Number of protein chains: 2
Amino acid sequence: MPTQHGARGRARREEIVRAAIEVIAERGYRGASLAAVAEKVGLTQQGLLHYFPSKEDLLIGVLRFREQTDSGGRDTVAEPMTMADTEAVVEANANRIAIVRTFSALLGESVTEDHPAAEYFRDRYRLVRERLAATLRLEWGDRLPSGLTPEEAAPLVIAIMDGLQYQWLHEPETFDMPAAFRSFLRLLDPKAAS
Amino acid sequence: MPTQHGARGRARREEIVRAAIEVIAERGYRGASLAAVAEKVGLTQQGLLHYFPSKEDLLIGVLRFREQTDSGGRDTVAEPMTMADTEAVVEANANRIAIVRTFSALLGESVTEDHPAAEYFRDRYRLVRERLAATLRLEWGDRLPSGLTPEEAAPLVIAIMDGLQYQWLHEPETFDMPAAFRSFLRLLDPKAAS
DNA sequence: CGGAACCTACCGATCGGTCGGTAAACGAGG
DNA sequence: CCTCGTTTACCGACCGATCGGTAGGTTCCG
């Protein structure tokens, strides 16, 4: 078992994961070769395999890395306690195009058969929907201003965030993702200042 | 130039395109091998290359096929003249999981570098946004009931459709995509019966 | 000494694509 | 109707590249 002790090894692993995120953003998971990731951190492919014994292990590393550190990643929606926070997340994502691209590409791939990230996204969706519904209920009670229940609104918030990212990624300089998201928030609560 | 005349050849090409759509749904575009597509229609990989001289040409064929025939595909949003039609599109998509999966997978891949479908999706988004805005304006004038302009609302409708598909594809039996979309329509127009 | 951190040398599989053929269908001319 | 050249519809053999992964080291640090 590599990388167990030693801050040295842990740092190297993180370096590798960051490189993997970049490569996946450029080529997707299937298109990302271990060799390309290895080269980015100055390793051979086999050197990389010392830290992550298989490509799938590396992907798991990427997914885990996001869950831990990534306090600005797309779905940190899992955490925020107010709707204003979700807006901040979108804003932050607009400045993290590489990470957004990585996870948008992964999300797309994950709908194909036996994709190693499929389970991750399914569980993630469930979790985020739950927490988001709780957040909405905390903010507005059992009925939003629009008349929707929190359970009805939560999937819509997620869908908007995901969907806007694709439009934005295809026209990063033209498409104003945060503004579009704010429009949606106005839809949820017409009285909101924002 | 193959397939120019002859209904025979044209039919074969369509057969191939349909097979390609299936394979892409299972493996994505990068993961889809010409051999796998060829096998589905009882051809060798070289036989397939007779009809589509390269893998990219096959993808173009898939994209074109959708634009023509696919009157129920995800984005036929380009056509409908009323909002009720968009609801019908979503409903139809809920019964076309293979095609939805294909284009969701392609959309995801298309955000990676130099993807052959990137231009297609970008142009498609522009077009659909325009037409949808026109539809919205026709239905409600310059301000929707929620106060949004048609140009503000159009990207949101698209984002919802795209985003809901990913959640649905990850839980096809549990997640009620049409119901979620109707919730969104209620957000757009609280007075709607639906 | 022992384990972590690598690397060289390979391997079998798969990929998209080329080359060069063959066989059948087809249209035109006699 | 029958030839005959052309096009269409394929297939077998092959190729160079790349892929993820294994086996078996060596170096170096604690």
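As the structure is a computational prediction, the values presented were derived from the model and not from experiment. Within every chain, numbering begins at 1; the chains are lettered A, B, ... in the order of the sequence lines, protein sequences first and strands thereafter.
Minimum atom distance to the side chain of A/Arg12 is reached by C/dC6, of the listed C/dG16, D/dT8, C/dC6. Residue A/Tyr51 places its side chain closer to C/dC6 than to any other of D/dC10, C/dG17, C/dC6. Checking C/dG17, C/dC7, D/dG21 against every side-chain atom of A/Leu34, the shortest atom distance belongs to D/dG21.
Annotation: side-chain contact (heavy atoms from CB on, under 4.5 Å) contacts of A/Arg126 (sequence neighbours excluded): A/Arg122, A/Asp123, B/Glu171. With sequence neighbours excluded, the residues forming a side-chain contact (heavy atoms from CB on, under 4.5 Å) with A/Pro190 are A/Pro145, listed by chain and number. Annotation: ring pair (Phe, Tyr, Trp, His ring centres under 6.0 Å) contacts of A/Tyr29 (sequence neighbours excluded): A/His115. Among residues two or more places apart in sequence or in another chain, the side-chain contact (heavy atoms from CB on, under 4.5 Å) test is passed with B/Ser183 by A/Leu148, A/Glu152, A/Leu156, B/Arg186. Under the rule for a side-chain contact (heavy atoms from CB on, under 4.5 Å), the partners of B/Leu49 that lie at least two apart in sequence or sit in another chain are B/Leu34, B/Gln45. Listed by chain and number, the residues in a side chain to side chain donor-acceptor pair (under 3.5 Å) with A/Asp142 are A/Arg137 (sequence neighbours excluded).
Annotation: salt bridge (Lys or Arg N to Asp or Glu O under 4.0 Å) contacts involving residues 29-45 of chain B, sequence neighbours excluded, comprise B/Glu22-B/Lys40, B/Glu26-B/Lys40. Applying the salt bridge (Lys or Arg N to Asp or Glu O under 4.0 Å) rule to pairs touching residues 97-110 of chain B yields nothing, sequence neighbours excluded.
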Which pairs would a plain distance check flag for residues 172-179 of chain A, meaning a side-chain donor or acceptor within less than 3.5 Å of a matching protein atom at least two apart in sequence or in another chain?
from, atom 1, to, atom 2, distance (Å)
A/Asp176, OD1, A/Ala179, N, 3.1

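Atom C1' of nucleotide C/dG17 and atom CD of B/Glu56 are separated by 14 Å, given to the nearest angstrom. Between B/Arg13 atom CZ and D/dC10 atom C1' there is a gap of 15 Å when expressed in whole angstrom units. Protein atom CG of A/Leu49 is 17 Å distant from nucleotide atom P of D/dG24, rounded to whole Å. For the pair B/Leu48 CG and D/dG12 P, the computed distance is 15 Å after rounding to whole Å. As rounded to whole Å, 16 Å separates atom P of D/dC10 from atom CD of B/Glu39. Here C/dG17 presents its C1' atom at 16 Å from CG of B/Leu43, a figure rounded to the nearest Å. Atom CZ in B/Phe52 sits roughly 16 Å away from atom C1' in C/dG16 (whole-Å rounding). In this structure, the OH atom of A/Tyr29 is 8 Å from the P atom of D/dG20, given to the nearest Å.
When all heavy atoms of A/Pro155 and B/Leu164 are compared, the pair lying nearest together is O-CD2, 4.2 Å.
Contact check, A/Arg30 against D/dC19: no side-chain N or O comes under 4.0 Å of OP1 or OP2. For A/His50 and C/dC6, the shortest distance from a side-chain N or O to OP1 or OP2 is not below 4.0 Å. Under 4.0 angstrom from either OP1 or OP2 of C/dT14 there lies no side-chain N or O belonging to B/Ser33.
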Between the protein and nucleotides 25-30 of chain D, are there any N/O to N/O pairs under 3.5 Å, and if so, what are the atom names and distances?
none

Sort me out a list of protein N/O and nucleotides 8-10 of chain C N/O pairs below 3.5 Å, or just none if empty.
from, atom 1, to, atom 2, distance (Å)
C/dA9, N6, A/Gln46, NE2, 2.7

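For DNA chain D, no neighbouring residue in residues 108-120 of chain A is found when judged by any heavy atom under 4.0 Å.
Remark: side-chain polar atoms of A/Thr102 are paired, donor with acceptor, to backbone N or O of A/Ile21 under 3.5 angstrom.
Backbone-only engagement by B/Ala32 is indicated by non-hydrogen atom pairs under 4.0 Å involving sugar-phosphate atoms exclusively.
Side-chain polar atoms of B/Tyr51 and B/Arg10 form no donor-acceptor pair below 3.5 angstrom.
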